Amino acid sequence: VPFGRERTLSDSDLQTVDRSIDDVEFNFDRDMGAELRSTDLGGAGMFRYYLGIYNAEDKNAGNNTLGVGDFGYLYFARFEVLPMGTFEDTPVDFARTTPKLSFGIAYAFVQSDITSPYAVQSAGAAQPSMGRPAKVDYNTHNFTADFLFKASGFSALGAFHYRKLADMPEDIFGRDGIGLVLQLHYLFSKDVPLAIAANASTVRGLGDDTNIQERSE
């Protein structure tokens, strides 16, 4: 699901071996659905959009998950602005380009129940081991804003994440929270592949009723 910028990067294009803790906490993984997109809206080389509806079952969905419990959906929209024209969306400036900038925002509403991995992600709910689970909704509002800047070997990637649960039972605490991530990288030259990099990210809870594990790296 092309919700957050970091999640859409291929494993081979990451700046470091691991994805950030923000990406693990707030982004969505593989899912089945339908999507409408344009990577060059109007042919101006400055705008992109993505609209999608997914089945909110996360990866590895099958006969044991589809249609079990509340068959909800994941609705999302993403819009990007590239004021300096299109460029390769990798976090390292191997081409040592002229200044390039991409800014994106996205919103997703997720309808899930206790059988969905998204319920574990957003509410820490555990799927019962026996019998058909009770129909309990874990509906969440998700927002992200991110950017990628590249110029002459320097690159910076940053993101903000926000999640707020709705329609939760009174005796269950959700994983309401925010996250911040910043990655900086400088490639000294094309001929000598030597670089210096720094990454920082943090996950923080929102409100008194959150059970999110606050952490930084």
Side-chain angles (χ1 to χ4, degrees), residues 1-54 59 74-108 142-163 178-203 216-217:
V1 181
F3 175 72
R5 185 180 299 273
E6 188 177 356
R7 174 60 70 175
T8 61
L9 294 173
S10 170
D11 291 343
S12 61
D13 290 333
L14 298 178
Q15 182 192 93
T16 55
V17 173
D18 296 324
R19 298 182 184 274
S20 72
I21 56 176
D22 287 66
D23 179 78
V24 175
E25 177 68 40
F26 294 104
N27 269 307
F28 304 108
D29 212 318
R30 297 186 294 272
D31 210 336
M32 293 189 293
E35 190 177 297
L36 180 67
R37 69 168 67 180
S38 173
T39 56
D40 187 7
L41 180 61
M46 296 178 60
F47 305 103
R48 299 172 179 169
Y49 79 89
Y50 307 81
L51 299 172
I53 301 177
Y54 290 80
K59 60 185 178 182
L74 186 161
Y75 307 86
F76 93 98
R78 179 176 174 85
F79 184 72
E80 296 181 15
V81 179
L82 298 85
M84 303 174 184
T86 59
F87 62 100
E88 188 177 13
D89 287 350
T90 56
V92 180
D93 188 18
F94 289 110
R96 299 182 64 85
T97 63
T98 57
K100 298 291 184 180
L101 174 65
S102 175
F103 176 76
I105 58 173
Y107 169 78
N142 304 266
F143 173 79
T144 187
D146 50 55
F147 76 91
L148 176 62
F149 175 77
K150 300 168 73 168
S152 303
F154 172 78
S155 59
L157 184 151
F160 167 79
H161 294 280
Y162 168 87
R163 180 172 62 220
I178 61 172
L180 294 169
V181 59
L182 179 64
Q183 301 179 2
L184 305 175
H185 191 277
Y186 182 70
L187 181 67
F188 289 98
S189 74
K190 290 183 178 180
D191 300 325
V192 181
L194 180 65
I196 185 171
N199 295 336
S201 56
T202 185
V203 174
S216 299
E217 68 174 3

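Numbering starts at 1 and runs along the sequence shown. Keep in mind that the numbers below use all heavy atoms, side chains included, and drop hydrogens, waters and symmetry copies. This structure is a prediction, so every number in the text was calculated from the model and none was measured.
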Open item on the list: Within the 4.5 Å heavy-atom criterion, are L51 and F79 side-chain neighbours or not?
Closed with: no
| task | Look at the side chain of N142 and the backbone N and O of R163, then say whether any donor-acceptor pair between them is shorter than 3.5 Å. | result | no
In terms of heavy-atom contacts, does CD1 of I196 have more than 12 from other residues, nucleotides or ligands at under 6.0 Å?
no
- request: Check whether more than 12 heavy atoms from other residues, nucleotides or ligands sit under 6.0 Å from atom CD of E35, and answer yes or no.
  value: yes
Minimal heavy-atom distance between R78 and G4, with the atoms involved, is NH1-CA, 4.3 Å
Heavy-atom count check: over 12 atoms from other residues, nucleotides or ligands less than 6.0 Å from F94 CZ? no
(message) Using a 3.5 Å distance criterion without hydrogens, assess whether the side chain of R48 forms a donor-acceptor pair with backbone atoms of G104.
(response) no
Q. Could you go step by step and tell me if I178 and F143 meet the side chain to side chain contact (heavy atoms under 4.5 Å, CB included) rule?
A. CA-CA 9 Å; I178 61 172; F143 173 79; over 6 Å; no
Applying side chain to side chain contact (heavy atoms under 4.5 Å, CB included) to T86 and K100, what does each step give before you reach the verdict?
CA-CA 8 Å; T86 59; K100 298 291 184 180; over 6 Å; no
CG of D89 to CG of L148, rounded to nearest 0.5 Å, is 6.0 Å
_Determine whether a donor-acceptor pair (N or O, by modelled atom type, separation under 3.5 Å) exists between the side chain of R96 and the backbone of S152._
yes
Margin query: Has D146 got a side-chain atom pairing as donor or acceptor with R5's backbone, closer than 3.5 angstrom?
Written below: yes
With a 4.5 Å limit on heavy-atom distance, are the side chains of M84 and L82 in contact? no
Rounded to the nearest 0.5 angstrom, the CD-CG distance for Q15 and L9 is 10.5 Å
task = Could you label the plane-to-plane angle of the F76 and Y54 rings as parallel, tilted or perpendicular, counting under 30° as parallel and over 60° as perpendicular?
result = tilted
Residues A145 and I105: closest non-hydrogen pair is CB-CG2, 4.0 Å
Check your understanding: Can you tell if the side chain of Y50 reaches within under 4.5 Å of the side chain of T39, non-hydrogen atoms only?
Key -> yes
**Message:** What I'd like to find out is whether the side chain of V1 reaches to under 4.5 Å of the side chain of D29, using heavy atoms alone.
**Reply:** no
Just by modelled atom types, is the K150 backbone N or O under 3.5 Å from a matching donor or acceptor in the D93 side chain?
no
Here the pair of heavy atoms bringing T90 nearest to D13 is CG2-CG, 3.8 Å
For the residue pair F47 and V81, establish whether any side-chain heavy-atom pair is separated by less than 4.5 Å.
yes
Q) Donor-acceptor pair, S155 side chain versus P91 backbone, under 3.5 Å? A) yes
Start with the C-alpha distance between F3 and F28, add both sets of side-chain angles, then the distance that settles ring-ring contact (aromatic ring centres under 6.0 Å, His included), and finish with yes or no. CA-CA 7 Å; F3 175 72; F28 304 108; 5.2 Å; yes
The reported gap from CG in L74 to CD1 in I53 (rounded to nearest 0.5 angstrom) is 10.0 Å
Requested in this report: Report yes or no: does D23 contribute a side-chain atom to a donor-acceptor pair with the main-chain N or O of R7 at less than 3.5 Å?
Outcome: yes
With the side chain counted from C-beta on, respond yes when L101 and F87 share a heavy-atom pair under 4.5 Å apart, and no when they do not. no
Taking the side chain as everything from C-beta on, heavy atoms only, tell me whether F154 gets closer than 4.5 Å to F149.
yes
ask   = Between E6 and S20, is there a donor-acceptor pair closer than 3.5 Å when you use the side chain of the first and the backbone of the second?
value = yes
Under 3.5 Å: donor-acceptor pair, side chain of D22, backbone of L180: yes
To the nearest 0.5 Å, atom CG of N27 lies from atom OG1 of T144 at 6.5 Å
Scanning both residues in full, the closest heavy-atom pair of S216 with T202 reads OG-OG1, 2.8 Å
Residues A197 and H185: closest non-hydrogen pair is CB-CD2, 3.6 Å
Here the gap from L184 atom CG to L157 atom CG, rounded to the nearest 0.5 Å, amounts to 9.5 Å
Margin query: Quick one, Y162 with F160, criterion ring-ring contact (aromatic ring centres under 6.0 Å, His included). Give me CA distance, side-chain angles, the key distance, then yes/no.
Written below: CA-CA 7 Å; Y162 168 87; F160 167 79; 7.1 Å; no
